[in-house]
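As structure tokens, the structure follows; a few thoughts come after it.
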Amino acid sequence: MDASVIREFTAVLGEENVLTEPTELRTYECDGLTGYRVTPPLVVLPDSAAEVAAAVAVCARHGIPFVARGAGTGLPGGALPVADGVVVSVQRLRRVIEVDPVNRRAVVEPGVTNREISRAAEPIDLYYAPDPSSQQVCTIGGNVAETSGGAHCLKYGFTVHHVLADGTITTLGADSPQQPGYDLLGAFIGSEGTLGVVTRVVVRLCSTARWKRSA
Ligand SMILES: Cc1cc2nc3c(=O)[nH]c(=O)nc-3n(C[C@H](O)[C@H](O)[C@H](O)COP(=O)(O)OP(=O)(O)OC[C@H]3O[C@@H](n4cnc5c(N)ncnc54)[C@H](O)[C@@H]3O)c2cc1C
């Protein structure tokens with residue numbers, strides 16, 4: 001990749017958050033679909049929504065394709081890099097911003113793992129219901145892109161039924177799951193990262209009371 005373009009990325013993200021070393025880049029060469037591997041020329045590690053937007057803006061300015069990446073556990077190859085593109089990893093966006101017991105919702109950054117959400121809600125007897133078996137490591141950003149789920153989803157629904165809104169740059173959805181107008185949130189969830197990078201997610205939390213009663 002052109003040195004002047006790399007300088008643009010380092011100017012907005014700092015040198016340590018722009019990976020160019022072949023040994024570091026190999027980490028990102030595939031996701032859970034390990035039969036396909038492409039070592040990307042560049043990986044960027046933004047730490048905020050503003051930095052994600054700035055990195056994507058550099059890509060847009062130069063017509064460079066980019067792929068968002070969470071934990072890289074996806075099985076359809078959605079996080080597979082493009083040979084001349086950039087991987088935008090959200091691994092540093094790992095903050096649980098708020099757990100709201102009254103409205104039963106949590107506001108989290110996309111790099112927070114699925115399990116971490118339930119752990120954060122555990123002290124107030126709530127949990128995040130969608131439970132892919134990769135929940136210890138997969139991120140909520142990846143869950144949104146894949147509309148992931150597990151056994152709880154048979155009763156409580158998939159990711160698409162548990163994300164209330166996202167982002168500070170563009171906000172899709174609102175404070176309640178049912179809204180008038182086009183269901184843009186529904187279109188975004190499950191879009192495999194093709195419609196944008198998730199920078200913040202508001203999820204619905206369920207009560208653990210039933211488990212505790214039957215335990
Ligand atoms: C052992 C194992 C068990 C699994 N079990 C299940 C299961 O039970 N149920 C299930 O549904 N899945 C399961 N999966 C698949 C996978 O864990 C999920 O699809 C998970 O949601 C992927 O999350 P990730 O953070 O690893 O995303 P990644 O693999 O990094 O990315 C997946 C897709 O999401 C996009 N993406 C990632 N982050 C963002 C973002 N912030 N904004 C926009 N797009 C983004 C990527 O571009 C890519 O298209 C399993 C995988 C493994 C390896």
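Here the structure is a predicted model, which is why all the values come from computation and not from measurement. As the structure lists them, so they are numbered: ligands from 1, and atoms in each ligand from 1. By convention here, the first residue in the shown sequence is residue 1.
The proximity of Glu146 to ligand 1, defined as any non-hydrogen pair under 4.0 Å, is limited to the side chain.
Comparing heavy-atom distances from atom 46 (C) of ligand 1 across Ala79, Ala68, Gly111 singles out Ala68 as nearest. With distances taken over non-hydrogen atoms, the option nearest atom 4 (C) of ligand 1 out of Cys153, Cys138, Ser134 is Ser134. Of the candidates Ser133, Ala151, Gly32, Gly78, the one placing a heavy atom closest to atom 7 (C) of ligand 1 is Ser133. Taking all heavy atoms of Ala145, Gly149, Gly72, Gly142 into account, the minimum distance to atom 28 (P) of ligand 1 is reached by Gly72.
Between Gly70 and ligand 1, an N or O atom pair is found at a separation short of 3.5 Å. Residue Gly150 places no N or O, backbone or side chain, under 3.5 Å from any N or O of ligand 1. Considering backbone and side-chain N/O of Thr73, one or more are found under 3.5 Å from N/O of ligand 1. In terms of polar-atom proximity, Asn143 is counted as a contact of ligand 1, with an N or O under 3.5 Å from an N or O of the ligand.
To the nearest 0.5 Å, atoms CZ (Arg104) and CG (Asp125) are separated by 9.5 Å.
Relative ring orientation between Tyr127 and His152 is described as tilted, the plane-to-plane angle lying within the 30° to 60° band.
Those atoms of ligand 1 with a heavy atom of Pro110 less than 4.0 angstrom away are 41 (N).
The 12-atom threshold is not exceeded at CD of Glu15, counting heavy atoms of other residues, nucleotides or ligands nearer than 6.0 Å. Arg95 CZ: more than 12 foreign heavy atoms inside a 6.0 Å radius.
A side chain to side chain contact (heavy atoms under 4.5 Å, CB included) with Glu51 is found for one member of Leu93, Leu13, Val56 and no other, namely Leu13.
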Side-chain atoms of residues 60-69: list all donor-acceptor pairs with protein atoms under 3.5 Å, sequence neighbours left out, distances to 0.1 Å.
{"from": "Arg61", "atom 1": "NE", "to": "Glu8", "atom 2": "OE1", "distance (Å)": "3.4"}
{"from": "Arg61", "atom 1": "NH2", "to": "Glu8", "atom 2": "OE1", "distance (Å)": "2.9"}
{"from": "His62", "atom 1": "NE2", "to": "Glu8", "atom 2": "OE1", "distance (Å)": "3.3"}
{"from": "His62", "atom 1": "NE2", "to": "Glu8", "atom 2": "OE2", "distance (Å)": "2.8"}
{"from": "Arg69", "atom 1": "NH1", "to": "Cys30", "atom 2": "O", "distance (Å)": "3.0"}
{"from": "Arg69", "atom 1": "NH2", "to": "Cys30", "atom 2": "O", "distance (Å)": "3.4"}

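Checked for salt-bridge contact, Glu122 and Arg119 miss the test: no charged N lies under 4.0 Å from a carboxylate O.
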